[in-house]
Visitor: 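I'd like to ask you about the structure that follows.
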Amino acid sequence: MEKLLAETVAPAVRGSNPHLQTFTFTRVELGEKPLRVIGVKVHPGQRKEQILLDLNISYVGDVQIDVEVKKYFCKAGVKGMQLHGVLRVILEPLMGDLPIVGAVSMFFIRRPTLDINWTGMTNLLDIPGLSSLSDTMIMDSIAAFLVLPNRLLVPLVPDLHDVAQLRSPLPRGIIRVHLLAARGLSSKDKYVKGLIEGKSDPYALVRLGTQTFCSRVIDEELNPQWGETYEVMVHEVPGQEIEVEVFDKDPDKDDFLGRMKLDVGKVLQAGVLDDWFALQGGQGQVHLRLEWLSLLPDAEKLEQVLQWNRGVSSRPEPPSAAILVVYLDRAQDLPLKKGNKEPNPMVQLSVQDVTQESKAVYNTSCPAWEEAFRFFLQDPRSQELDVQVKDDSRALTLGALMLPLARLLTAPELTLDQWFQLSSSGANSRLYMKLVMRVLYLDSSEICFPTVPGTPGAWDTDSESPQRGSSVDAPPRPCHTTPDSQFGTESVLRIHVLEAQDLIAKDRFLGGLVKGKSDPYVKLKLAGRSFRSRVVREDLNPRWNEAFEVIVTSVPGQELEVEVFDKDLDKDDFLGRCKVSLTTVLNSGFLDEWLTLEDVPSGRLHLRLERLTPRPTAAELEEVLQVNSLIQTQKSAELAAALLSVYLERAEDLPLRKGIKPPSPYATLTVGDTSHKTKTVSQSSAPVWDESASFLIRRPHTESLELQVRGEGIGTLGSLSLPLSELLTANRLCLDHWFSLSNGQGQVLLRAQLGILVSQHSGVEAHSHSYSHSSSSLSEEPELWGGPPHITSSAPELRQRLTHVDNPQEAPAGPLGQVKLTVWYYSEERKLVSIVHSCRALRQNGRDAPDPYVSLLLMPDKSRGTKRKTSQKKRTLSPEFNERFEWELPLDEALRRKLDVSVKSNSSFMSRERELLGKVQLDLAEIDLSQGAAQWYDLMDDKDKGSS
C-alpha cells in the first residue's frame with residue numbers, strides 16, 4: 001500500500017491538477033491492525049507458468065497518512081480507512097529454483113469498497129481549482145487506481161525478462177457490445193405535482209472495469225431503441241463483469257431505472273450471446289448482443305475481418321479490425337533544452353484521432369517510462385502510429401516518429417521489438433518500443449461472412465436507411481471517369497550523364513603555389529525537378545555514367561539546364577554550364593552529343609537523352625526489365641520500366657464527422673516514396689477533385705498505388721491499395737471504375753493506366769503502336785528552393801499543377817521586362833507562399849548591367865514584418881533566383897491583400913540608394929491560390945503597376 005501511494009497515486013494526483021503539483025505524502029503508517037483474508041479461491045491459469053488466486057480481503061485499519069500541498073501551506077490526511085473487495089494475485093513466471101515465483105501481480109478485478117476517514121479535508125478543498133470536488137470524487141479516483149487494467153507488479157528476482165508485458169499483458173480478448181434496445185422500463189417523469197404520470201428519458205451506461213460508455217438519451221420512451229456498439233478489452237477471465245445501468249435523464253438528478261451484470265466468462269463460452277436481460281433494482285429488460293473477439297497474430301485473417309466489418313452497422317464508431325499494444329520502454333540521447341538543461345521527457349502516442357500520454361520523467365535525456373498503451377484499429381493497412389517525444393511543458397518537441405502500422409503486418413507474430421530512430425531530434429536520439437498487433441477474429445460457427453461487401457447483418461437495426469447506390473431523388477452517378485484530353489500524354493525523358501573532358505582545375509595547395517585538379521559533379525534542372533550526380537575525386541576528365549529520369553510533356557520551349565561544379569569544403573567552384581533545348585529530343589526521340597561548357601575557358605560534357613513513350617501493352621515488360629538491369633550502372637538509381645497515370649475524379653458516401661457533419665476531404669496518391677496531394681474540398685461527403693498525377697514505376701509486379709482519403713483535422717476517412725499487377729492483366733493496362741474504400745464506407749472514382757517504357761536505343765525491338773501525343777500543359781513539381789529548414793521529407797509533400805506559359809506564341813515582354821512568379825496558399829500550414837523564379841529582358845539604364853534583386857511586400861501593410869527580399873544577382877538582365885517566401889496568415893485575410901513586387905538594383909557602390917527597375921502589384925483575390933500557376937508578369941513603372 002505504501003508503494004502504491006508513493007509511486008502510483010501521488011504522481012497521478014500531481015498531474016491531475018496544476019494546483020496540486022507540490023502534493024506529497026509526508027507520513028505513511030499502516031498501523032497495527034492487520035489485513036484479513038476472509039476466503040481464497042484458486043483458478044486454473046491461462047498458461048501453465050502461472051497461478052491465479054482470488055483473495056477476499058477486508059481491512060479495517062488504524063492507518064495514518066498525512067499529505068501536504070506546499071504551495072498553499074495546506075495539510076490534510078487520513079486517520080483510519082476501510083477496504084473490502086476481491087484482490088486477484090497472479091504468481092508468474094514459475095521457476096525451478098527459489099523463490100519458485102519470478103513476480104507477483106496484484107489488482108482488483110472490480111472496484112473495491114473504500115471508506116476513508118479524512119482529516120483536514122476542508123483545508124484541501126479550499127485550494128483553487130478543487131472547490132468543485134468532494135470526498136466522494138476523490139475516493140472514486142483513488143479506487144480507480146486499484147482496478148484493472150492498472151496492476152501492482154512486485155518482481156522477486158533480478159533481471160526479470162519482459163517486465164513490461166507482466167505489468168501490462170495483452171488482453172484476453174475483446175467483447176463487442178451491441179446495445180440494441182430496452183423494453184418495459186418504469187416511468188419516472190411526473191407532471192402537475194405527480195398527478196399525471198409521464199414516461200422516461202432513458203439512457204444507458206455500459207461498464208467493464210474502468211472502461212465506461214454512455215449511450216444517447218431517447219426522449220419520452222419506455223421502449224427505447226439505441227442501436228449503438230461499443231468495444232471493451234477483457235483482461236481477466238473469469239472475474240470481470242459487464243455491467244449495464246439504465247437511467248432516466250432529468251435536469252437535476254438522474255433517476256435509476258435498473259442494472260444487469262454478466263460475467264465475461266459466459267460470453268467467452270458462448271462466442272455470441274444475443275438475449276434480453278432483466279434489469280435488477282427496477283423493471284424492464286435490456287437487449288444486448290455480445291460477441292467475443294479473439295486476438296490472433298495472423299495477418300491472413302485481416303482481409304476476412306475487414307470484409308465482415310463492412311456489413312456491421314456500428315454507431316457511434318466503426319468496428320475495429322485489430323488492436324495495437326505499445327510497450328513504451330525507454331529513450332536514449334534526447335536533445336537538451338536551452339542552456340544545456342536536462343529535459344523532462346514525456347511521450348504522446350496517437351493513432352488517427354486518439355491520443356494517449358505517458359508520465360513525465362524529470363531531468364534526464366535517457367528516460368525510462370515502462371508503460372503500455374492500447375489502441376483500437378479500424379484498418380491497420382492504412383493507419384499510422386504518431387509518436388511525439390516532448391518536454392513536460394508540451395512546448396518543446398524532443399523527437400518524433402511516424403510508423404505505418406502496415407509494417408507490423410509483415411513482421412513475425414505481428415510484433416516489432418526494437419530501437420526506433422527519432423526524427424527532428426539528435427543524431428543519436430532513439431526510442432525503444434515493443435509493438436504488438438492482434439487481429440480481432442469472431443470465431444463462431446453460427447456466423448457466416450457476407451460474400452457481398454456492404455451487406456448488412458441479420459441483426460442490423462438500421463434497416464430503414466436507403467440502399468447504397470440508390471438513384472432516388474438524385475442524378476445517376478457516372479460509371480467511368482471523364483479526364484481531359486491532356487491526361488495520359490506524358491512521356492519520360494531519360495538523361496544519361498556520361499563523362500566530361502578538359503575541365504578547369506580549381507584546387508590549389510600550399511597557398512596556391514601548387515596546382516591541383518577538381519572534384520567535379522553535375523547538377524541538372526528540368527520541369528521544376530533537380531538532380532545531382534555523384535562527385536568524382538581529383539579528375540579533370542571524369543566519367544559518371546549515371547542516368548536520371550523525369551516526366552515531361554510536349555510543351556515547346558523547354559530546356560534542360562546543366563551546371564558543373566567542383567566540390568569543396570566551403571563553397572563549391574563553378575566549372576561551366578550549358579543548356580539543351582528539348583525540341584529535338586521530343587521530336588526525334590533521341591540525342592547523343594558532346595556539349596561545350598559556357599562561361600569557362602575549357603571543358604565539354606557528354607550527354608545522351610532519350611524520350612520514352614509509354615505503351616499500353618505488357619508484352620514487352622519482361623524484356624524491358626531485363627534490359628534495364630543490363631544498362632543499370634552501380635551508381636544510378638533503378639530505371640523506370642513503366643509510367644503510371646492516375647486521374648482521381650471524385651468520391652461518394654464518405655463517413656460523416658461525429659455522425660452528422662460532412663468532412664473536408666482531400667486525397668493523397670502515393671507510389672513508393674512519391675506522393676501527390678489533392679486540393680481540400682470544404683464540407684462534402686461527395687467531393688469532386690478532378691486531379692491527375694503521374695508516377696515512375698520501376699517494378700510493376702510488386703509496387704502498388706496507395707490512396708488515402710483524409711478529412712482536414714480528423715484523420716483518415718478511408719484508403720485503397722491497388723496492386724499494379726492488376727493493371728498488367730487489364731485491357732490496355734487500364735482500370736476505370738468505382739473503387740470501395742477499405743473502411744467499408746465510401747467509394748472513389750478513378751482511372752489508373754500503365755504504360756510500358758520501351759527504349760529504342762538499347763537493343764529492344766518495338767512491336768506495338770505508340771500513343772499519339774497532343775500538346776498539353778506541363779505538370780511540374782515546384783522545387784522549394786530557399787525553403788525553411790523544418791520542411792523535410794517526413795512532412796506531407798506539397799505538389800501543385802503549374803501552367804507552363806514559356807512558349808513562342810506568348811506576348812513579348814514589356815519595355816521594362818518581366819518577372820516570373822508562382823503564388824499559392826498552403827492550407828495545411830495556413831501560409832501564403834511565393835516563389836520568385838527569375839526575371840528577363842530587364843531595362844539597362846547606364847553603361848553597365850544592373851545588379852537586380854526582387855522585393856516583395858504584402859499591401860496595405862508596409863511594415864518590415866511582411867517584407868521579403870531575394871538575394872542580389874550581379875551584372876545581369878536575366879537573373880535567376882528560384883527563392884521561396886512565406887507569410888503566415890488565414891486564407892480570408894490573404895484574399896484581402898495585394899502582393900507588391902518590385903525589381904530593384906543598387907544605384908552605385910557604397911550607396912544605400914536603390915534604383916527601381918520595375919514593379920507589379922498582384923491582387924490576390926483575382927488569383928487562383930489553390931493551383932499555384934507559374935506565370936510571367938510585365939513590369940511597370942511606379943505610376944502604372946497593374947498585373948498582366
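Any value given below was found using the heavy atoms of this structure, including those in side chains, with hydrogens, waters and symmetry copies removed.
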Visitor: Taking it one step at a time, do Gln332 and Arg430 satisfy side chain to side chain donor-acceptor pair (under 3.5 Å)?
Guide: CA-CA 6 Å; Gln332 282 185 354; Arg430 55 182 189 162; 3.1 Å; yes

Visitor: Does Arg534 offer a backbone N or O that forms a donor-acceptor pair with the side chain of Trp544 under 3.5 Å?
Guide: yes

Visitor: Start with the C-alpha distance between Lys831 and Glu888, add both sets of side-chain angles, then the distance that settles salt bridge (Lys or Arg N to Asp or Glu O under 4.0 Å), and finish with yes or no.
Guide: CA-CA 4 Å; Lys831 290 179 180 178; Glu888 193 165 346; 5.1 Å; no

Visitor: Would the number of heavy atoms belonging to other residues, nucleotides or ligands and lying under 6.0 Å from CZ of Arg699 be above 12?
Guide: no

Visitor: What do you reckon, is NZ of Lys898 surrounded by more than 12 foreign heavy atoms closer than 6.0 Å?
Guide: no

Visitor: To check you understand the geometry: which heavy-atom pair defines the closest contact between Glu538 and Asp519, and what is its length?
Guide: N-OD1, 2.7 Å

Visitor: A cation-pi test, strictly: NZ or CZ of Arg532 under 6.0 Å from the centre of the six-membered ring of Tyr521 and no more than 45 degrees from its axis. Yes or no?
Guide: yes

Visitor: Okay, side chain of Ser425, backbone of Leu398: is any donor-acceptor separation there less than 3.5 Å?
Guide: yes

Visitor: Could you walk me through whether Phe531 and Val550 pass the side-chain contact (heavy atoms from CB on, under 4.5 Å) test, one step at a time?
Guide: CA-CA 10 Å; Phe531 306 92; Val550 63; 4.2 Å; yes

Visitor: Locate the shortest heavy-atom distance separating Phe881 from Lys873; write the atom from each residue and the value.
Guide: CE2-CG, 3.5 Å

Visitor: Return yes if some donor-acceptor pair links the side-chain N/O of Asp568 with the main-chain N/O of Asp570 below 3.5 Å, else return no.
Guide: no

Visitor: Is the backbone N or O of Asp851 less than 3.5 Å from a side-chain atom of Ser905, with the two atoms forming a donor-acceptor pair by type?
Guide: yes

Visitor: Check the pair Lys525, Glu561 against salt bridge (Lys or Arg N to Asp or Glu O under 4.0 Å), reporting the backbone distance first and the verdict last.
Guide: CA-CA 5 Å; Lys525 288 185 180 179; Glu561 299 177 21; 5.4 Å; no

Visitor: Quick one: closest heavy-atom pair of Leu916 and Lys904, and the distance?
Guide: CD1-CG, 4.1 Å

Visitor: How many angstroms lie between atom CD1 of Ile551 and atom CZ of Phe695, to the nearest 0.5 angstrom?
Guide: 8.5 Å

Visitor: With a 3.5 Å cut-off and no angle check, do the side chains of His676 and Thr668 form a donor-acceptor pair?
Guide: no

Visitor: Where the side chain of Ser429 meets the backbone of Asp333, is there a donor-acceptor pair that is under 3.5 Å apart?
Guide: yes

Visitor: Hey, does the side chain of Ser533 reach the backbone of Val522 with a donor-acceptor pair shorter than 3.5 angstrom?
Guide: yes

Visitor: Under 6.0 Å from the six-membered ring centre of Tyr666 and within 45° of its axis: does the NZ or CZ of Lys677 meet both?
Guide: yes

Visitor: Yes or no on side-chain contact (heavy atoms from CB on, under 4.5 Å) for Glu703 and Val671, after CA distance, side-chain angles and deciding distance?
Guide: CA-CA 7 Å; Glu703 295 186 74; Val671 176; 3.6 Å; yes

Visitor: Quick check: does any side chain N or O of Thr866 sit under 3.5 Å from a backbone N or O of Leu857, one acting as donor and the other as acceptor?
Guide: no

Visitor: Is Glu563 paired with Arg577 through a side-chain N to carboxylate O contact shorter than 4.0 Å?
Guide: yes

Visitor: Is Tyr362 atom OH crowded by more than 12 heavy atoms from other residues, nucleotides or ligands, each under 6.0 Å away?
Guide: no

Visitor: Would the distance check show the side chain of Gln818 and the main-chain N or O of Asp938 forming a donor-acceptor pair, the cut-off being under 3.5 Å?
Guide: no

Visitor: Between Leu924 and Leu858, what is the shortest heavy-atom contact and its length?
Guide: CD1-CD2, 4.2 Å

Visitor: Would His496 and Asp592 count as a side chain to side chain donor-acceptor pair (under 3.5 Å) if you check the C-alpha gap in whole Å, the side-chain angles of each, and the deciding distance to 0.1 Å?
Guide: CA-CA 9 Å; His496 296 270; Asp592 189 339; over 6 Å; no

Visitor: Could you tell me which non-hydrogen atom of Pro879 sits nearest to which non-hydrogen atom of Pro852, and how far apart they are?
Guide: CG-CG, 3.6 Å

Visitor: Checking Asn344 side chain against Asp392 main chain: does a donor-acceptor pair fall under 3.5 Å?
Guide: no

Visitor: Taking the six-membered ring of Tyr432, is NZ or CZ of Arg330 closer than 6.0 Å to its centre and within 45° of its axis?
Guide: yes

Visitor: Counting N and O atoms only, with roles assigned by atom type, does the side chain of Glu691 sit under 3.5 Å from a partner on the main chain of Lys679, one being a donor and the other an acceptor?
Guide: yes

Visitor: So Leu643 and Glu490, side-chain contact (heavy atoms from CB on, under 4.5 Å) or not? Walk me through it.
Guide: CA-CA 9 Å; Leu643 178 67; Glu490 297 95 342; 4.2 Å; yes

Visitor: Can Trp887 and Arg868 be said to form a side-chain contact (heavy atoms from CB on, under 4.5 Å), step by step?
Guide: CA-CA 9 Å; Trp887 293 267; Arg868 306 288 187 268; 3.3 Å; yes

Visitor: Applying side chain to side chain donor-acceptor pair (under 3.5 Å), run through Thr583 and Ser581 and close with a yes or a no.
Guide: CA-CA 6 Å; Thr583 303; Ser581 173; 3.3 Å; yes

Visitor: Show the nearest heavy-atom pair for residues Asn541 and Asp502, with the distance to one decimal.
Guide: OD1-N, 2.9 Å

Visitor: Test side chain to side chain donor-acceptor pair (under 3.5 Å) on Lys390 and Gln348 and set out the steps.
Guide: CA-CA 8 Å; Lys390 298 186 177 182; Gln348 292 178 335; 3.2 Å; yes

Visitor: Between atom CG of Asp391 and atom NZ of Lys337, what is the distance when rounded to the nearest 0.5 Å?
Guide: 4.0 Å

Visitor: Salt bridge (Lys or Arg N to Asp or Glu O under 4.0 Å), that's the test. Do Arg494 and Glu549 meet it? Break it down for me.
Guide: CA-CA 5 Å; Arg494 184 172 290 167; Glu549 295 171 319; 2.9 Å; yes

Visitor: With rounding to the nearest 0.5 Å, note down the distance linking CD in Gln388 to OG in Ser424.
Guide: 8.0 Å

